[in-house]
Structure formats: structure tokens, C-alpha cells
Amino acid sequence: MEKLILIDGNSIIYRAFFAMPPLTNSRGLHTNAVYGFTNMLLRLIQEEKPSHILVAFDAGKETFRHEGYKEYKGGREKTPHELSEQFPLMRELLESFGISWFELAGYEADDIIGTLSKQGEESGLQVLVVTGDKDMLQVVSENVKVALTRKGISEVEPYGPKEIEEKYGLRPEQIIDLKGLMGDASDNIPGVPGIGEKTALKLLHQYGSVEEVLAHSDELKGKMKENLVNHAEDACMSKKLATIFQEVPIERSWEDMVFAGIQEDKAAPMLRKLEFKSLIERMAFTASPAGDASVSGDSRVVSEVDVTIVNSSTLPELTALLPQIEVMYVESYGENPHHAIVMGMVLSTPERHFFVPFEFLKSKEAGVIVSWLGDASVPKRGYDLHRADLALHWQGVSLAGEEHDVQLAAYILDPTDNNQTPSDLAAKYGLAYLTPDEEVYGKGAKFKVPDQETLSKHLARKAEVLLHIIALQRSELEKNEMNRLFYELEMPLSRILADMEKQGIAVNRADLTQLGKEFESQITKLVTRVYEIAGTEFNLNSPKQLGEILFDKLGLPVMKKTKTGYSTDAEVLEKLAPYHEIVQYILDYRQLAKLQSTYVEGLLKEISPVTGKVHTYYRQTIAATGRLSSQFPNLQNIPIRMEEGRKIRKVFVPSEEGWFILAADYSQIELRVLAHISEDEGLQEAFLHDLDIHTKTAMDVFGVSAEEVDSNMRRSAKAVNFGIVYGISDYGLSQNLNITRKEASQFIERYFQAFRGVRRYMDDIVLEAKRDGYVKTLLERRRYLPEINASNFNIRSFAERTAMNTPIQGTAADIIKLAMVLMDEALKNHGLKSRMLLQVHDELVFEVPPDEMDIMSKLVPVTMGRALPLSVPLKAEVSSGLNWYEAK
DNA sequence: CTTATCACG
DNA sequence: ACGTACGTGATAAGC
């Protein structure tokens, strides 16, 4: 028998909304109710295998029920906008699934369903109604079952006549009598006061219906009788309101409701838009365009791949097809790409996959592949080519010609999405299921290189999927106007970064060891003194043990707590210093211990035995703002603020005899960027005259002349400027300056009075973020801010500050990246031997032979200054010396 | 594997 | 009224 499923769309979407945790896609669209609904829909389809489906919705506010009783459904909370915005999405999704839906002005979904269930049964269909509303039980009959949701919406409980009898001892049509007597608070149906489910059932078991109960009210007594008599009309009206109308004029034929299965080509784009990765996976769509996709539960059908293992006998096949290779994937393992072990690589055309075992690549006969890899005129597309390049480099194989890196493109398209493995991306784009690496290799201690067949097939599948992803990314980049950012900035930069990393920076091991000895003797003295004063030995590195000594044993006042106990951070210790002499020693110890463990010992471990240098790894796909990050070791946080730590910089030296270290840093790049994008005249004026910006800010904020600005005023102004860049808040500023929030608030107000353009920018950028769901930098780098419209103050405020900060920090990142590309070109064009070694957000570090010092001292700041013309000058200051310390 | 702390821009 | 400054990575404890 054919089966018709009728779904109460409003009921289910409401339940799904409240049952599911909040969920948004990267554009900030709320999707939790749609997600819950869709999940249920898929399960229904799978389990019930319906031939027809229709989802009914309520239309408009007024229904015929309001004509008789205008308080109907009164007193309900307004639908939250987080839910109401999901209705159109839900309808769109139903259409993409090929499921019909219906609504009709003046009628509720209940009535539509009641009408169709009756007609369905008459037409010989088996009917299943899905809803969360018990009222619906009244339509149950031999061939009409009602499935009520349980536990949110994760389960449904089907009711036929038998189940209703078991649970209530009633016939389906008596459900309205039950409601008539007991009422329904949620629909504002009164019923009879004092009568709840228990009493109502007792009366109905005895008399059968509301009318009969009322007719025999004289047989009853007490308060119940009184209420029944006084509210006889309410009871009748309540029954009427609860009665589902089964004669709705619906102009739909069964044909319209036929469900013929879900078509991938229609459904996948919608699921992608909603970013329902797990559902895409569950539906096991294949990578092939528009196939006969079907809902197959959670079966993860993976298409078989053919892969040719490259060896002496198959090499000619690959050689012949080399010009047609469109995508490559190099697999390596190990956290640090400089030390990564290469397992092998796959080179693919759209039709064929070739697996090149690394062993074979190293053999003499594979020379043709090696020269193909190193040929910059052959464009390479793949995933994390930066890592591949480094891993191969230390094995003596060059990679060149990188044109499209899928990982980097994914980062550019959404820099805050941390799930960018090929497997994640396959799911995100609704492509074939790709087994995550973890499942193939195991993780941590369990990591194991699989057998060649498993490995080669896994890699071939990756390559296959990457090929599809590349095409999708190209059109997305184009659509977002990010082609230049990606192909002309980020891709060339990745090549430059890899070169800098391979080059490395020389570290004087002897000097570093000596520095370590000096730190060590100071540390020993401090530790001894602290133990003496404390009267006991303990682990000074343990905040827990330290807290016990300071607060329990010595009874110092607790300033701040952490989740786990007392806070002992520097801010707290500074405040405690006047109370007890031990505190200063602890602060000094902390400082030295940090230098020793992170910068002396840590750095020593990173010196390559091969080159005597440290080779950091710049990650280009981490920072949400577009900045780089540096790892193994991090060379972007080498101490400079305190003299003790700054000495570490002395061990960073040129790698060639007689050369120099030259460093150039942008002066106030973020505030200059702010002056440009906010078009604030005062700020622009200040930079055009190259004024000391903090002094100028102090003058304007405090209303004094340059001579009257004292160091304290300048310090405050500097903090305000930082705050402005970070997306200011009075609280944050008050913390930083150790003043009250009110005072901080006044500072900010005075700042905005003086720099009106900045205020306008701050206001506008937040509005822009709310409108578009993202903010962007001058070079069209985006950052999505899904939380910008959050109802939670904290979450929303964070997003607002991010909206203010990201265009500033991000544009500064754009600029120095541009400068790096330009410098790389300039070095080549001038035929210079100087090398770019490091980038520290607003600073570039070079090593320079003596005869190039003159030209580099001019070339570097000029190139940096010209990287991106703004309405204010970009200023780069250069200095040099025998080591990084001297280049200050 | 998470937490606290601290180094940088 | 709410209660945080923006962006990172390394180390040592302690579960």
C-alpha cells in the first residue's frame, strides 16, 4: 500500500528549535531548527519509505478559530527571530529535497493535515501524521496513525486506535472531549477550571463526551459540579476550538505530493549552503556530478579508485601523462614540516591516478618526475604545497610552480574555519566521503604507515576530491573578488616563506649556552632565597604550590582567582609586591625561568645539526586576521621589551662572515591604516606631518599643547590608541591603565570627540558586519562574524570589537605581505645576495653582505613604504648591526 | 589533553 | 546589567 506522510511543519520546527543547541553557519544564519527537522525527515524517509510526503505550515496570524474566540493562542511569546528566519530556509530545503509543502490563509497546519489524512484514507493510502501536538490524535483511525515526537524530536512514538485506547481508554474522536474539559494552556483554550487530565478522563470514561457530561452534571457534586455548570459554555467552545477542521479546500492532487527520492544535484547545494556537513556525509553523495543519489542512512559508500603504482615498468605511462597532471598530493608525517617524513605522492589527471612511492622517487630513474616537480613553468595544484615543499627540500627534491593550494584557498575563503583537512573540505562541499587521515593512519602513538595499497588508494581519493574542490574554490574566489588576494599575494608569498624557512637564521650556540649559564646562576640564587623566606622547598613552577605558599601560608590577600584556584600571574604579583619581599623574587624568578626554558633551552633544541641555524615554519592559514604565525621555534615572540630578555637577540647572527643583520619595521602601521580607512582628518594630518602620534593624541584628548603633555598623559594616550585598534571598551582600557571604568569611559569619549572620523568608522564597520555578516580588509580579505547579531551581550560585544579590529590588523597584514613579495622581486631584480630571513608582523629581518648595506638601507624602507599607497605615508625605519639585538 | 602563565606584535 | 581588551605559540603542571 502506498504511504502518505503528513508533517506538521510548525510543530516540528518549533520543537526542533528548542531541542537543538544553537547552531549557525559561517554567515551567521541560524540553522539549528532546520538541522533538527532535516535529520528527522531523513530518518522518516529511510524508515517509512513513503510514496507521498507533504509538510503543512500555518499561514498568517488569523485563522477561522479567531473569529469565534479572539484570545485563541493569545499570550504566546513572540517567535524569536532566530527561529523565524529559519522558516524560509526550511521551505527552500524542502523544495530542494523534492518534498511538497502547503499552507493556506485562515487555516492551521492541523486542519490541512486533518483534511488530507481523511482524504488519504478514503483514497486508499496508508497515512502517517508527524507532529508534536497531542490534539492530532483525534484523526487517528484504522489507516491513519499519528507519530508524536518524544524527547525533543529525536524519537517519535506512533499511535493507532489501539495505543490511544491503551493510554487513555478513549476512542480517537474523544480526544477533543478531553481537551474541551481540561483545556490547553499553550493555545489559551480555557476548558473547565479545576479539571485536569485525571478528572477529565474519569468523566469521559463514565459519560463519553462533553455533552453527555454536562447533561448528567446533576449526578455530580461539590466544586466540580459547580465549575461544570458555570463553565458549560467554555467547555463546549473549548471542544470546538480543539476540533480539527477536516474540510479545508485544498487544491492539490496526490500527484503533487509524490516523493521520488532526493536528487543530489538539487539537495547538495542547499546542504552546502546550510553547511550541514554530517548530513552531506550521511547521504553519501558521490563526487560525480548528479548521479542517482539516494538516501542510504549512514552507509559511507566510497567509490573505488584505480591507482597505478609507479615503478620501473609503469613509469613510461606516467611520463607520457605528465603534461596532463592536474593535481598532486604529497603525504608526509611529523609535526614539523622541516623534519617531515615523506611517504609518497599521488599525481593525477582527471582520469588516472599515479602513486609514486618515495623510495622510487629517490631512485635514479625517477629523474623525470623530480625535474617535473622542480619545473617552475609547470603549474602545481594540490593541498598544503608549502609543507610538501619543505618536506621534499630536506630530501633533496625541489618543488616549484605552485599555482593553487587548496588549503590556502580554504583559509582565504574562511580564515576562521579550522576544519580544512581534505576530508573536512570534501564534506563541506558535499563531495564524496573522504576517510579522515586519522582513521587511515591512527593518531599519536598509534600512528602507523599503512600498506602501499591502502596508502595509494587513500591518496588517490584525496587527489580526486581535490580536483573537484579546486574548481569550486576558483569560482568562489572569483565571486568574492579574491582572485588577486589569492593568486597574486598569498600564493606567491607561500613560495617566499618557504624560501625564508629553508634559508633559516644562524644562531650562535656558544653565546646562547653562555647566556643560559648566566641565567642559571641567577635562577639558583633566587630559588634559594625564595625557599629560605618561605621556610620550605616547593615547586616554584607550580602555580598551585605557589598559591598555597603565598595565600595559605603567608596569608597574602587574594586578588584574583582562576577556575582551579588562586591566580598568581604577574598582574597579581605586582600588586602583592608591597606586602611581602618574597613576591619580587618570585617575579624575577618567573622572568628568568621563562627566558631559560623557552628561549635558551627551547632555542638550543631547534638549532639544526645540519645547518647550525634555526628554521622556523610560518603558518599562513592560522590567524583569523591574515597575519602569519611562526612555529618550531616561534621567532615572532623573541623578547625585546625587557633588557634581560632582549639579550637573547644577540645570538641571532648573520650566517656568513662579515655580513650584517638589517631590520626594518613599520612605524605605527595600524594607526596609519586606521587613518586611511576612517578618513579621520585629524589622524591623517598627524601622520602627514609625521607627528608623535601618542603625544598628538594626548594633546587632543587632554586639550593641551605639545609642551604640556607629560609622560603620564602620553602613556594614557598610548593606551587609548591601543584600545582603539583593538576595538575599544571602557572596561579593557580601565584594566590596562588601572583606572576606574568611568574614567576610562571619559577618556574614550574625549578621544571620539577629537577624532570624529574614527568614531564614524567604528560605528559604520559594526553596521557593515551586521549587514553582510563579515568584514574585509583593503585587499578584500574577509572574516565572517556569525556572532555579530547574537543576543548574548558578551558574545555580541566580542564580535563587534573583532569587526573593528580585523580590518585594521588585517590590512596591516596585507601590507607587509605585499612588501615581502615586492622585496623578493627587488632582491632578484637588483641581483642582490641579501636574504630576507624573518617577518615579525610589522618588521622584516634580512642578512646583508657589507657591499650591499648602502643599497639595502634604502631599498628596504622604500619598498615597504610603497607596498600599498594610502592617504597617509607608510613609514618604515631601518637599522642594522652584527646581530638582531643591535639592529634595533 | 587542558590550564595557567608569559613571550611577541 | 552584562564583564573583555586584538592576534599568536611554548612551556610546565597536573589531571
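First the proteins, then the strands, lettered A, B, ... as listed; each starts at 1.
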* Asked: Considering residues at least two apart in sequence or located in another chain, which fulfil the side chain to side chain contact (heavy atoms under 4.5 Å, CB included) criterion with L554(A)?
  -> I549(A), L550(A), L556(A), H580(A), I582(A)

* Asked: Which of residues 597-607 of chain A sit near DNA chain C, with a heavy atom under 4.0 Å from it?
  -> S597(A), T598(A), G602(A)

* Asked: Reckon N794(A) touches a base, only the sugar-phosphate, or nothing at all at heavy-atom distances under 4.0 Å?
  -> sugar-phosphate

* Structure fact -> Residues E768(A) and K776(A): closest non-hydrogen pair is OE2-NZ, 4.5 Å

* Sub-4.0 Å heavy-atom contacts from residues 621-632 of chain A onto DNA chain B, ordered by number -> R627(A)

* To do: Find the distance between CD (Q668(A)) and CG (L691(A)) and round it off to the nearest 0.5 Å.
  => 12.0 Å

* State whether K888(A) and E643(A) are salt-bridged, where the test is any N-O pair (Lys NZ or Arg NE/NH1/NH2 against Asp/Glu carboxylate O) under 4.0 Å. => no

* What pattern of brackets, bars and dots sums up DNA chain C from 5' to 3', given Watson-Crick or G-U wobble pairs under 3.5 Å, [ ] for crossing pairs and | for another strand? -> .....|||||||||.

* Asked: Do E490(A) and R781(A) sit within salt-bridge range, that is, some charged N less than 4.0 Å from a carboxylate O?
  -> yes

* Asked: Reckon R590(A) has a side-chain N or O less than 4.0 Å from the OP1 or OP2 of dA4(B)?
  -> no

* Asked: Under the side chain to side chain contact (heavy atoms under 4.5 Å, CB included) test, which residues partner D730(A), sequence neighbours left out?
  -> R741(A), A744(A), S745(A), I748(A)

* So, for E335(A) and F632(A), which heavy atoms are closest and what is the spacing to 0.1 Å? -> O-CE1, 3.7 Å

* Contact interval (first through last nucleotide) of DNA chain C with protein chain A, 4.0 Å heavy-atom -> dC2(C) to dC15(C)

